[in-house]
K.L.:
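The structure's right below; bear with me while I get my questions together.
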Amino acid sequence: ALSFITKDEQLANLITGLCTYDYILPQGFPTSNTIAEIVLIPLARRLNGLCQKYGLNMSIYIDDICISGSDVLLKLSDRIIGIFMEIKFILNFDKYALASKTDGVTVTGVYLKNNVATTAPEFDQKMISEILSYNLMVQSSEESFFGESLRKNYRRINSRLNWVKGIDKKKANKFRNLLIPLK
């Protein structure tokens with residue numbers, strides 16, 4: 001049997017090989033977020049149409065999709081799963097959850113409750129603990145003693161604070177005000 005591959009298919013195969021690991025988008029690759037966004041367009045359009053029809057809210061963070069709103073969402077669960085199946089997307093049932101908007105739900109570190117997004121309480125506790133530990137190192141010794149370790153901790157904390165800022169600016173500022181800056 002003869003097989004013909006167009007230049008478009010060759011290019012798609014090349015890009016897939018360069019940007020995935022075993023056909024899975026790796027976390028942290030600079031291309032992964034953009035590819036996820038492009039691939040999700042057909043699914044997002046279908047889900048958005050459903051959400052508009054029933055007055056629901058939808059947000060997408062990389063490959064995590066959150067749909068929130070009224071209790072009508074509970075009646076649409078099978079329909080939402082059906083949309084995933086029609087478009088041949090695999091729904092991760094380990095991350096699938098239905099919760100009322102007053103109960104709140106955590107998705108990839110983002111906490112959604114009453115139509116407001118912020119960071120999860122568990123993340124906040126860990127962040128405060130890291131900041132306080134870092135501050136103790138700064139206050140209890142000379143910077144030269146900890147040197148590179150202090151700088152690494154400071155950079156790591158600031159990186160996380162930048163992530164928090166993208167979700168909840170007030171909370172990011174609150175955390176940043178706790179942090180003793182390096183000299």
Side-chain angles (χ1 to χ4, degrees), residues 6-127 159-176:
T6 67
K7 288 188 186 273
D8 288 345
E9 289 173 301
Q10 288 175 338
L11 181 59
N13 288 336
L14 175 65
I15 292 171
T16 300
L18 291 172
C19 298
T20 66
Y21 179 76
D22 288 336
Y23 298 96
I24 296 171
L25 289 175
Q27 287 185 345
F29 269 38
T31 54
S32 292
N33 293 0
T34 303
I35 291 170
E37 288 173 13
I38 292 168
V39 169
L40 283 174
I41 289 172
L43 178 65
R45 284 184 178 148
R46 292 280 307 278
L47 291 175
N48 191 47
L50 184 72
C51 289
Q52 286 181 347
K53 182 176 180 178
Y54 291 97
L56 302 170
N57 301 306
M58 180 179 74
S59 62
I60 300 175
Y61 180 73
I62 304 173
D63 64 344
D64 291 319
I65 301 168
C66 295
I67 300 174
S68 61
S70 68
D71 289 342
V72 73
L73 180 58
L74 302 174
K75 296 175 185 171
L76 296 173
S77 178
D78 289 341
R79 196 155 167 199
I80 291 168
I81 293 169
I83 291 172
F84 272 82
M85 293 172 66
E86 288 169 22
I87 297 183
K88 297 184 176 40
F89 272 61
I90 298 169
L91 183 61
N92 183 348
F93 284 98
D94 291 337
K95 293 174 78 175
Y96 180 82
L98 288 174
S100 73
K101 67 180 184 177
T102 56
D103 289 339
V105 64
T106 301
V107 180
T108 315
V110 178
Y111 184 67
L112 303 166
K113 183 174 180 178
N114 293 321
N115 297 328
V116 176
T118 188
T119 52
E122 304 82 28
F123 175 88
D124 296 347
Q125 290 172 344
K126 186 176 179 185
M127 190 81 243
S159 174
R160 290 185 181 160
L161 290 178
N162 287 334
W163 179 79
V164 172
K165 185 178 177 184
I167 300 165
D168 186 334
K169 287 180 183 178
K170 286 183 182 179
K171 191 176 281 186
N173 288 334
K174 177 183 163 187
F175 288 150
R176 200 170 298 282

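Heads up: numbering here begins at 1 and tracks the sequence. The analysis underlying the following values was restricted to heavy atoms, covering all of them including side chains, and did not include hydrogens, waters or symmetry mates.
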K.L.:
How long is the straight-line distance from CD1 of Ile80 back to CG of Leu76, given to the nearest 0.5 Å?
P.N.:
5.5 Å
K.L.:
Which residues satisfy the side chain to side chain contact (heavy atoms under 4.5 Å, CB included) test with Ser59, sequence neighbours excluded?
P.N.:
Cys66
K.L.:
Do Ile167 and Tyr111 have side-chain heavy atoms sitting under 4.5 Å apart?
P.N.:
no
K.L.:
Within the 4.5 Å heavy-atom criterion, are Glu86 and Arg46 side-chain neighbours or not?
P.N.:
yes
K.L.:
Taking the side chain as every heavy atom from C-beta outward, state whether Phe89 and Val39 have any pair of such atoms under 4.5 Å apart.
P.N.:
yes
K.L.:
Kindly give the heavy-atom pair with the smallest separation between Ile60 and Ala44, and that separation in Å.
P.N.:
CD1-CB, 3.7 Å
K.L.:
Would you find more than 12 non-hydrogen atoms of other residues, nucleotides or ligands less than 6.0 Å from Leu74 atom CG?
P.N.:
yes
K.L.:
Atom CG of Leu73 and atom CG of Leu50: how far apart are they, to the nearest 0.5 Å?
P.N.:
9.0 Å
K.L.:
Nearest 0.5 angstrom please: Arg45 CZ to Ile83 CD1, how far?
P.N.:
14.5 Å
K.L.:
Please say which of Asn48, Asn57, Leu56 ends up in a side chain to side chain contact (heavy atoms under 4.5 Å, CB included) with Ile67.
P.N.:
Leu56
K.L.:
Between Asp22 and Ile24, is there a donor-acceptor pair closer than 3.5 Å when you use the side chain of the first and the backbone of the second?
P.N.:
no
K.L.:
Answer yes or no: does atom NZ of Lys165 have more than 12 heavy-atom neighbours from other residues, nucleotides or ligands under 6.0 Å?
P.N.:
no
K.L.:
Check the pair Ile90, Phe84 against side chain to side chain contact (heavy atoms under 4.5 Å, CB included), reporting the backbone distance first and the verdict last.
P.N.:
CA-CA 7 Å; Ile90 298 169; Phe84 272 82; over 6 Å; no
K.L.:
Are there more than 12 heavy atoms of other residues, nucleotides or ligands under 6.0 Å from atom OH of Tyr21?
P.N.:
no
K.L.:
Counting distance only, does the side-chain N/O of Thr118 pair as donor-acceptor with the main-chain N or O of Asp168 below 3.5 Å?
P.N.:
no
K.L.:
For Phe29 and Cys19, which heavy atoms make the closest approach, and how far apart are they?
P.N.:
CD2-O, 4.3 Å
K.L.:
Would you mind reporting whether Ser77 and Ile81 have side-chain heavy atoms less than 4.5 Å apart?
P.N.:
yes
K.L.:
Going from CZ on Phe123 to CZ on Arg160, what distance comes out if it is rounded to the nearest 0.5 angstrom?
P.N.:
6.5 Å
K.L.:
Counting C-beta onward and ignoring hydrogens, is there a side-chain heavy-atom pair between Asn162 and Arg176 closer than 4.5 Å?
P.N.:
yes
K.L.:
Side chains of Asp124 and Met127: does their closest heavy-atom pair fall under 4.5 Å?
P.N.:
no
K.L.:
Which pair of non-hydrogen atoms, one from Asn92 and one from Asp94, has the smallest distance, and what is that distance?
P.N.:
OD1-N, 2.9 Å
K.L.:
Report yes if some heavy atom in the side chain of Thr16 is under 4.5 Å from a heavy atom in the side chain of Tyr23; otherwise report no.
P.N.:
yes
K.L.:
Compare every heavy atom of Pro26 with every heavy atom of Ser32, then report the nearest pair and how far apart it is.
P.N.:
OG-O, 2.6 Å
K.L.:
Is any side-chain heavy atom of Thr20 closer than 4.5 Å to one of Ile15?
P.N.:
no
